[in-house]
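For clarity, every value in this text was computed on a predicted model and none was experimentally measured. Letters A, B, ... are given to chains in the order of the sequence lines, protein chains preceding strands, and every chain is numbered from 1.
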There are 2 protein chains.
Amino acid sequence: MRAGVGIGGWEDIRAEVLRRIRVRDWPPGAMIPTEEELATEFGVARATVNRALRELAVAGVLERRRKAGTRVAALPVRKATLDIPVIRQEVEARGQRHSFRLLSQAEAVPPVPVASRLGLGPEQRMIYLETLHLADGQPFVFETRWLNPLVLPAPLPDFATVSANEWLVAHVAYALGDIAFSAAGATPREAAVLGVAEGAALFITERTTWTAEAPITAVRLAHAPGYRVQTLV
Amino acid sequence: MRAGVGIGGWEDIRAEVLRRIRVRDWPPGAMIPTEEELATEFGVARATVNRALRELAVAGVLERRRKAGTRVAALPVRKATLDIPVIRQEVEARGQRHSFRLLSQAEAVPPVPVASRLGLGPEQRMIYLETLHLADGQPFVFETRWLNPLVLPAPLPDFATVSANEWLVAHVAYALGDIAFSAAGATPREAAVLGVAEGAALFITERTTWTAEAPITAVRLAHAPGYRVQTLV
DNA sequence: TCGGTTAATATGTGCAGACATAATAACCTC
DNA sequence: GAGGTTATTATGTCTGCACATATTAACCGA
């Protein structure tokens with residue numbers, strides 16, 4: 001950063017470009033000047049302009065192509081970034097105390113939808129866990145998890161004491177995953193565990209993770225009513 | 001990129017660092033070498049290592065602090081990036097035909113929750129729109145929207161013909177917004193419009209946007225059953 | 001030993017110059 | 001003109017160097 005001067009950094013360039021887009025100096029779909037031209041105008045190096053424009057492109061505000069140049073996105077596909085924390089952190093971030101209870105543990109062949117989501121054969125046995133997470137003693141989220149025993153290092157912990165999620169993070173080399181959000185009516189089991197009416201609208205998070213070769217775990221989180229996922233754009 | 005050589009770019013550095021984290025050469029919580037040391041090891045400039053490590057920090061895999069150094073995140077707060085497209089694009093991306101019907105348009109004082117979410121006084125009148133979006137003729141999402149007439153440029157379009165969302169993107173300088181996801185039972189109105197049972201679990205998206213000074217719009221999207229938001233991590 | 005000042009250090013960002021790459025535009029041939 | 005080749009151009013990235021900044025670690029005096 002230039003000594004003493006409060007302007008000229010890439011964040012300032014980004015802010016100024018964004019301002020021009022928002023006041024429609026550069027309306028949606030319009031081409032904007034080249035990096036070279038902007039660098040000259042702002043009196044900075046091209047690399048600095050590049051950094052600013054790149055960030056805006058990642059955010060979905062600009063579209064860039066070599067040789068073609070840079071244009072303002074016509075229909076900005078806004079990219080919202082969500083933090084997916086560990087449940088304990090999520091509860092504690094709300095200023096509440098986190099605890100959990102292991103409700104059941106078993107070894108079984110998963111149902112077909114879970115098996116296919118994990119890319120498993122029909123006979124592969126897995127570990128099944130049901131855990132209720134509490135915030136200040138109130139039901140917060142009901143977790144049902146399938147674990148692939150083939151990729152877990154021995155010895156397995158006592159999942160009544162150790163959160164499966166946090167143990168996995170600390171002991172298994174993950175590689176890929178996907179997350180999905182949806183809504184579903186509470187199943188009888190979920191209704192009983194969370195203390196809500198059967199069929200009540202629940203927010204559902206489903207996560208699947210793999211190592212490079214094999215599936216690790218599939219989790220379904222049924223959140224207590226009132227749960228929201230929120231983010232700034 | 002170095003001529004002819006397929007390695008040595010920042011993406012390769014990022015991949016190699018990620019590999020070492022995943023095979024636990026560098027386990028969660030561990031410090032990793034300094035940029036200088038990695039640059040020497042890989043035979044690249046420090047700026048290249050910096051780019052790679054910065055991306056991993058943004059992704060939540062690394063935690064970096066000046067002078068303190070870089071460590072592997074102990075409890076990786078995974079950052080999931082969601083694309084929030086325009087509804088028309090969303091429908092078309094599924095290979096379906098998009099259409100919509102304006103169900104009602106009025107000018108009214110919004111209910112208190114909406115007014116407070118927008119930071120409005122209790123008497124501010126707004127435009128209220130109800131729109132049903134269809135995918136291949138089937139109900140896809142029911143949109144209820146409050147629009148601030150004070151920030152809209154004249155003339156207003158015919159919202160029966162022009163999607164409010166796309167008109168806004170093209171004509172109003174937005175600045176900030178927030179998005180929230182939740183689940184809710186279908187209200188009588190939503191049930192009738194979407195053709196589902198009252199109380200059925202619906203996935204709800206709520207968006208609010210502002211200019212620098214004034215609120216622009218608050219939207220509630222009630223998605224037809226089966227809707228999912230999905231992303232890779 | 002405590003508390004505050006100073007030095008050391010890893011990351012954050014800047015610059016100028018160079019070459020790579022992708023995609024368009026210009027050109028040339030038939 | 002149509003089709004294929006070549007030149008041009010804007011972005012993408014790398015290098016090497018410099019200085020800023022935030023923290024920590026070392027130091028030192030009361």
Trainee: Separation of B:Glu35 atom CD from D:dT15 atom P, in whole Å?
Mentor: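 Distance check: B:Glu35 CD to D:dT15 P gives 13 Å.
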Trainee: Find the distance B:Ile13:CD1 to D:dG12:P and express it as a whole number of Å.
Mentor: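 Interatomic distance, CD1 of B:Ile13 to P of D:dG12: 20 Å.
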Trainee: Determine whether a donor-acceptor pair (one donor, one acceptor, N or O, separation below 3.5 Å) exists between the side chain of B:Arg46 and the base of C:dT13.
Mentor: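 Checked by distance alone, the answer is yes.
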Trainee: Testing B:Glu143, B:Arg145, B:His133 for side chain to side chain contact (heavy atoms under 4.5 Å, CB included) with B:Leu221, which one passes?
Mentor: B:Glu143
Trainee: What are the two closest heavy atoms between A:Thr48 and A:Gly8, and how far apart are they?
Mentor: CG2-O, 4.0 Å
Trainee: Give a yes/no on whether any side-chain N or O of B:Asn50 is located under 4.0 angstrom from OP1 or OP2 of C:dG12.
Mentor: yes
Trainee: Would you mind reading off the distance between B:Glu11 atom CD and C:dT21 atom P, rounded to a whole angstrom?
Mentor: 13 Å
Trainee: Over how many whole Å does the gap from A:Asp12 atom CG to C:dT13 atom P extend?
Mentor: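 Taking atom P of C:dT13 as the reference, CG of A:Asp12 is at 12 Å.
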Trainee: Measure the distance from CD on B:Glu55 to C1' on C:dG12 and round it to the nearest whole Å.
Mentor: 15 Å
Trainee: Starting from P on D:dA10, measure out to CG on A:Leu53 and report it in whole angstrom.
Mentor: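 Rounding to the nearest Å, CG of A:Leu53 and P of D:dA10 are 14 Å apart.
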Trainee: Quick one: side-chain hydrogen bond (donor to acceptor under 3.5 Å, both in side chains) partners of B:Glu35, sequence neighbours excluded?
Mentor: B:Arg46, B:Asn50, B:Arg64
Trainee: Angle between ring planes, A:Phe181 versus B:Phe181, binned at 30° and 60°: parallel, tilted or perpendicular?
Mentor: parallel
Trainee: Looking at A:Thr70, does any N or O in its side chain come under 4.0 Å of the phosphate oxygens OP1/OP2 on D:dA10?
Mentor: no
Trainee: With nearest nucleotides of DNA chain C determined for A:Trp10 and B:Ile32 from heavy-atom distances, which residue corresponds to the more 5′ nucleotide?
Mentor: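 Counting from the 5' end, the first nearest nucleotide belongs to B:Ile32.
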Trainee: Using atom CZ of A:Phe42 as one end and atom P of C:dG14 as the other, report the distance to the nearest whole Å.
Mentor: 13 Å
Trainee: Using a 3.5 Å cut-off and no angle test, enumerate the donor-acceptor pairs between side-chain atoms of residues 157-164 of chain A and protein atoms at least two apart in sequence or in another chain.
Mentor:
from     : atom 1 : to       : atom 2 : distance (Å)
A:Asp158 : OD1    : A:Ala160 : N      : 3.0
A:Asp158 : OD2    : A:Thr161 : OG1    : 3.1
A:Ser163 : OG     : A:Asn165 : N      : 3.4
A:Ser163 : OG     : A:Glu166 : N      : 3.4

Trainee: Return yes when atom CZ of B:Arg101 has more than 12 non-hydrogen atoms of other residues, nucleotides or ligands closer than 6.0 Å, and no otherwise.
Mentor: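 Count not over threshold, so no.
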Trainee: A:Ala45 has a side chain; which of C:dA16, D:dT15, D:dG12 sits nearest to it?
Mentor: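 That would be C:dA16.
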Trainee: Output a table of nitrogen or oxygen pairs between the protein and nucleotides 24-26 of chain D separated by less than 3.5 Å.
Mentor:
from   : atom 1 : to      : atom 2 : distance (Å)
D:dT24 : OP1    : B:Arg65 : NH2    : 2.3

Trainee: May I ask you to say what B:Ala47 touches in the nucleic acid, namely base, sugar-phosphate or nothing, with a heavy-atom cut-off under 4.0 Å?
Mentor: base
Trainee: What is the distance, rounded to the nearest whole Å, between atom CZ of B:Arg51 and atom P of C:dG12?
Mentor: 14 Å
Trainee: Could A:Arg94 and A:Glu90 be called an ion pair, given the rule that one side-chain N must be under 4.0 Å from one carboxylate O?
Mentor: no
